[in-house]
Amino acid sequence: MTLVVAQVIVDVAAYPVDRPFDYLVPEEWHALIEVGSRVKVPFGPRNVLGFVVALQHDTEVPMNKIKPVTQVLDIEPVLTEEMLEMAKWLKQQTICYEIDALQAMLPSALRAKYEKIVHLCGEIEDVPKPLQPFFNRNGKADFKNFEKAGLLHELKAAVKDGFVTIENSVKQQGAVKEIRKVQINQDRKKLEKIESEISKRAQKQKQLVQWMAERPGQVFLPDEVCSETGVTMAVLQVVIEKGAAAFIKEEVYRDPFTKDIVKTDFLKLTDEQETALSAITGAMDAQVAETFLLQGITGSGKTEVYLQAIQHTLQEGKESIVLVPEISLTPQMTERFRSRFGELVAVMHSGLSVGEKYDEWRKVQQGKVKVVVGARSAIFAPFGNLGLIILDEEHESTYKQEDSPRYHARDVAIWRSEYHKCPVILGSATPSLESFARAKKGVYTLLTLKKRAMNQNLPTVHIVDMREELKLGNRSMFSIQLADAIRERLAKKEQTVLFLNRRGYSSFVLCRDCGTVVECPNCDISLTYHRFSEKLKCHYCGHEEYVPEVCPECASDHIRFFGTGTQKVEEELHKLFPEARVLRMDVDTTNKKGAHETILDAFGRGEADILLGTQMIAKGLDFPNITLVGVLSADTSLHLPDYRSAERTFQLLTQVSGRAGRHEKAGEVFVQTYTPEHYAIELSKEQLYEPFYEREMYVRRQANYPPYYYLALIQVSHEDVMMAAEYAARASEYLRANLSFNVSIIGPTTASISRLQNRYRYQCLIKYKVEPKLIPVLLQLIKLYRSEWIKKGIQLTIDLDPSMI
DNA sequence: AAGCCCGCTGAT
DNA sequence: TCAGCGGGCTTG
């Protein structure tokens with residue numbers, strides 16, 4: 001008998017167990033188990049899920065210590081060799097647990113749920129009275145119920161006395177969806193025999209079996225059978241019992257698409273597009289891992305280049321991944337891929353249910369699709385023969401995951417491209433400074449599209465100085481110019497998009513007498529006012545409360561909400577243009593699944609004159625009748641305490657302006673601002689990316705920020721301010737002592753959100769150019785202080801290349 | 001992470 | 001003397 005030993009990474013995220021453990025594979029599983037399989041294994045006193053990362057025929061572990069695998073959960077392994085390698089790289093790159101890296105690559109349906117079940121050993125009468133009502137007929141009870149009832153002591157005693165046992169079990173989520181169908185018996189003679197045995201009184205049954213006899217072996221939905229033959233389910237049931245047919249289960253994919261596919265044809269490329277495409281296909285044919293930065297002004301037809309590049313990979317029999325910032329926000333974009341490649345496309349985004357996500361993932365795994373369009377995590381799509389990876393709107397911050405594993409989709413894309421020897425396209429009208437700098441250095445290949453594809457002119461952008469408006473006595477949110485322009489569109493039956501730049505600036509409640517702003521009791525953040533529910537909400541921890549009637553500090557009743565929410569703008573719009581039909585798109589109106597799509601579709605059909613919204617309308621919106629775009633407050637994202645605020649503002653304004661006049665009709669844009677002279681605003685007027693780049697690079701160089709320097713952020717949190725401050729100082733001290741002298745270490749300082757979920761937060765920022773010691777030193781720091789931190793309740797997180805600081 | 005063992009404390 | 005608890009250790 002051969003010995004088979006599986007090395008397993010267990011589903012426990014903790015430092016001491018962040019390594020493979022050996023398990024024996026019982027003979028019955030020898031044929032089934034593979035590298036990449038999920039397994040159920042005993043781990044200490046528990047049962048946990050694990051991933052097989054290696055199989056071997058020997059082990060260093062003494063035979064009295066090694067335990068067998070309890071179960072193999074998959075017929076096909078869920079992880080590929082590539083994923084296992086990628087996980088090791090991610091672990092090293094982002095300092096995370098290997099298990100976190102592995103889980104990030106799989107749909108959540110494949111993650112385990114754990115439950116504790118209490119089993120009766122003997123008779124229910126043996127168990128102490130108070131525990132008895134919790135057990136069901138099978139002698140089982142849910143551990144949680146005892147916890148809730150405060151009976152843990154009694155339960156523990158019962159375990160000790162041997163009346164009950166506690167089992168830790170791994171529960172899989174209901175993943176594969178099946179439907180019930182009716183399969184008619186293949187044997188015609190049998191059917192005729194059944195028919196002859198049916199009594200004359202059972203007319204319906206006879207009728208049904210006759211119908212079946214004409215269709216031996218065929219499969220129908222139960223409803224189809226009933227409606228075709230005019231019988232009820234009860235009759236069908238009886239006939240099935242007699243053996244004329246059988247219920248079978250068929251695996252189905254949930255269909256997240258509501259619309260039918262309308263096939264579209266390839267568009268003729270411009271010379272610029274043609275040049276870009278041939279560079280990309282050249283890399284594909286030569287099988288080299290080249291990263292292209294495709295910089296094209298808004299409306300220059302980047303998407304068509306993507307589509308034709310994908311067509312090329314399909315012809316070569318290879319697969320493509322397309323990443324978009326947040327796909328549920330851009331149904332138009334996904335529609336373009338689906339309409340070009342039809343059933344070959346899977347879509348993965350956060351708006352899908354757990355089951356739907358799993359189904360899309362399985363289509364990829366089983367090779368049923370060749371193209372994946374999805375948000376950040378789709379970069380892990382389990383393709384085995386990748387030919388192309390595309391990141392659209394490459395500069396977007398949503399490509400960086402904010403919790404462990406803190407990876408950037410761009411880095412994973414480049415890693416996979418090297419693994420598969422295929423090109424990556426980073427596309428944007430306004431590339432991140434990092435990417436553009438790399439393109440200039442020759443690390444990436446720069447491809448530019450300078451002309452709009454349909455030869456339209458760029459929209460005319462007017463910068464409106466709101467200080468002047470104030471001087472003229474206009475205190476409304478709409479400048480005279482913008483209001484006139486809206487009036488004009490209403491008259492011409494053209495559409496307007498109004499954009500409220502609300503980042504870092506939402507409605508809050510303020511007391512006019514003492515100036516108190518109502519804050520979250522758990523976090524140092526002012527609460528956001530939601531008019532619809534009349535509640536104040538903390539969007540960091542989810543705390544909710546009703547709007548106080550009097551000020552909690554001074555008891556004055558002059559307490560009002562402040563700030564410019566979309567609802568307030570909507571009200572003002574109604575006052576100014578009572579006849580205008582307004583659609584509002586913000587957090588409140590898009591809570592429901594598919595709401596984005598519904599609103600955008602309605603606007604596309606011309607059911608409204610004005611679309612009003614926040615950042616979420618900036619992307620992908622492409623309708624021919626939009627000829628006016630208004631940015632109500634360009635500055636709000638400019639004054640955030642973030643070194644990227646100018647870059648973000650420039651990107652946002654360029655992006656939004658690009659929504660106007662994409663088709664035959666010319667577009668016009670009004671940008672309202674209190675700082676018209678700021679370079680981010682001035683240069684966005686004509687989409688002057690390169691001058692902006694030069695200017696912003698100068699600022700970054702002065703302040704030692706990326707792309708000149710890399711950043712690493714260490715955050716320390718504790719319930720007690722002093723503890724948090726003290727340990728942040730200790731961590732900073734350690735880093736200063738151990739990193740090279742040319743690395744600058746800033747801090748400890750309070751984090752930008754100084755208290756979150758009742759924990760005080762301090763941070764330390766590391767700026768470095770080249771520092772090979774960084775990761776080893778950080779690992780050393782963790783290793784040295786880990787146990788002390790755990791004891792004291794300190795939490796420490798490390799974010800290499802943080803997106804927000 | 002979480003259960004378990006072992007040693008310490010304190011009341012019997 | 002032993003229950004009750006907390007820290008440290010182990011998990012294959």
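Residue numbering restarts at 1 for every chain, and letters A, B, ... go by the order of the sequence lines. Predicted model only: the values in this text are computed from it and were never measured.
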Given atom CD1 of A/I66 and atom P of C/dT11, what is their separation to the nearest angstrom? 13 Å
Figure out the CD1/P separation between A/I790 and C/dG6, and round it to whole Å. 18 Å
How long is the line joining NZ of A/K67 and C1' of C/dT10, in whole Å? 11 Å
With heavy atoms under 4.0 Å as the rule, sort A/Y23 into base, sugar-phosphate or nothing. sugar-phosphate
Flag this pair as yes if the NZ/CZ of A/R736 is under 6.0 angstrom from the six-membered ring centre of A/Y734 and inside a 45 degree cone about the axis; otherwise no. no
CZ of A/R786 versus P of C/dG8: gap in Å, rounded? 13 Å
Selection from B/dA1, B/dC4, C/dG12 that lies nearest to any side-chain heavy atom of A/F21: C/dG12
Give a yes-or-no answer on whether the side chains of A/E771 and A/Y710 include a donor-acceptor pair shorter than 3.5 Å. no
Regarding A/R416 and the six-membered ring of A/Y419, is the cationic atom NZ or CZ under 6.0 Å from the ring centre and inside 45° of its axis? no
Under 4.0 Å, counting only non-hydrogen atoms across every strand here, what does A/P62 touch: a base, just sugar-phosphate, or nothing? nothing
Nearest-neighbour nucleotide for the A/D22 side chain, B/dA1, C/dG12, B/dG3 considered: C/dG12
Side-chain donor-acceptor pair under 3.5 Å between A/E82 and A/H420, yes or no? yes
Output the rounded distance in Å from CG (A/L55) to C1' (C/dG12). 15 Å
Side chain to side chain contact (heavy atoms under 4.5 Å, CB included) for A/T749 and A/L765? Distances and angles first, verdict last. CA-CA 9 Å; A/T749 56; A/L765 186 67; over 6 Å; no
Measure NZ/A/K792 against P/C/dG7 and give the value in whole Å, please. 11 Å
Rounded off to whole Å, could you give me the CG-to-C1' distance for the A/D18 and C/dT11 pair? 14 Å
When you measure from the side chain of A/K791, which nucleotide among C/dT11, C/dG8, B/dG3 comes out closest? C/dG8
Sugar-phosphate only, base, or nothing, as touched by A/K65 at under 4.0 Å among non-hydrogen atoms: base
Send over the distance from A/I166 CD1 to B/dA2 P, rounded to a whole Å. 14 Å
